[in-house]
Engineer: 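Input: one structure, supplied below.
On a predicted model such as this, the values are computed, not experimentally measured, just so you know.
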Amino acid sequence: MNLVLTVVFITWALSAALALVSFWLPQMVPDHEKLSPYECGFDPLGSARLPFSLRFFLVAILFLLFDLEIALLLPLPWGDQLPSPLLTFVWASSVLILLTLGLIYEWLQGGLEWAE
């Protein structure tokens, strides 16, 4: 019972300390950018049809692709408990090889160059 009470007290004390620190740490004087409805740096009163760089979208799509790849490969350590773990690792390796070849192709084509 003493251990449970100690753990509960430490949890409560740590939570209270973090809550108090979170009130003292942030800046209480917001600047003009924070007060604007759009914090991304765009002028909300300007034209909504501003052109974007295609390279920005390419990098964003590549980021999403590799982010999804990591999400798909997260359960891989539990693949050794399946009836055929070799097949699971072959499929995972083929996904990694395919994405690596795609990244190499994009790199060689110059699609990852941000500035020309």
Side-chain angles (χ1 to χ4, degrees):
M1 189 65 181
N2 240 353
L3 180 64
V4 174
L5 189 61
T6 304
V7 169
V8 168
F9 175 73
I10 290 174
T11 305
W12 179 84
L14 187 61
S15 299
L18 289 175
L20 288 174
V21 167
S22 71
F23 283 113
W24 288 325
L25 278 183
Q27 290 181 344
M28 294 299 177
V29 183
D31 58 352
H32 175 69
E33 292 298 322
K34 281 289 189 185
L35 293 176
S36 72
Y38 301 103
E39 295 181 17
C40 59
F42 292 112
D43 183 20
L45 302 176
S47 173
R49 306 273 183 214
L50 294 174
F52 285 105
S53 171
L54 236 55
R55 296 193 186 279
F56 172 77
F57 286 113
L58 178 65
V59 171
I61 288 172
L62 285 173
F63 171 76
L64 287 176
L65 179 71
F66 284 100
D67 194 38
L68 285 175
E69 169 220 346
I70 291 171
L72 288 174
L73 293 177
L74 275 177
L76 190 60
W78 290 278
D80 63 348
Q81 299 172 5
L82 294 174
S84 60
L86 185 63
L87 184 63
T88 304
F89 290 121
V90 166
W91 279 109
S93 298
S94 64
V95 167
L96 284 174
I97 289 170
L98 182 67
L99 286 173
T100 304
L101 289 175
L103 180 65
I104 291 170
Y105 176 76
E106 284 290 329
W107 194 346
L108 292 177
Q109 293 295 320
L112 298 177
E113 297 294 327
W114 189 258
E116 295 182 40

Engineer: Show me the side-chain donor-acceptor pairs of residues 62-79 shorter than 3.5 Å, one per line, residues at least two apart or across chains.
Structural biologist:
none

Engineer: At what distance, to the nearest 0.5 angstrom, does CG of Leu98 lie from OG of Ser93?
Structural biologist: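 Here the rounded value is 12.5 Å.
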Engineer: Could you give the side-chain donor-acceptor pairs of residues 101-108 under 3.5 Å, partners two or more places apart or in another chain?
Structural biologist:
none

Engineer: If you compare all heavy atoms of Ser22 against all heavy atoms of Ala19, which two are closest, and at what distance to 0.1 Å?
Structural biologist: OG-O, 2.7 Å
Engineer: Tell me who clusters with Ile61, hydrophobic residues only, linked when side chains sit under 4.5 Å apart either directly or through other members.
Structural biologist: none
Engineer: For Leu96 and Thr100, work out which heavy atoms get closest and say how close.
Structural biologist: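 Result for this residue pair: O-OG1, 2.7 Å.
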Engineer: In the hydrophobic clustering that connects Ile, Leu, Val, Met, Phe, Trp and Tyr at side-chain heavy-atom distances below 4.5 Å, which members other than Leu87 occupy its cluster, ordered by chain and number?
Structural biologist: Trp91
Engineer: Enumerate, atom names and distances included, each donor-acceptor pair closer than 3.5 Å involving a side-chain atom of residues 2-15, sequence neighbours excluded.
Structural biologist:
{"residue": "Thr6", "atom": "OG1", "partner": "Asn2", "partner atom": "O", "Å": "2.7"}
{"residue": "Thr11", "atom": "OG1", "partner": "Val7", "partner atom": "O", "Å": "2.7"}
{"residue": "Ser15", "atom": "OG", "partner": "Thr11", "partner atom": "O", "Å": "2.9"}

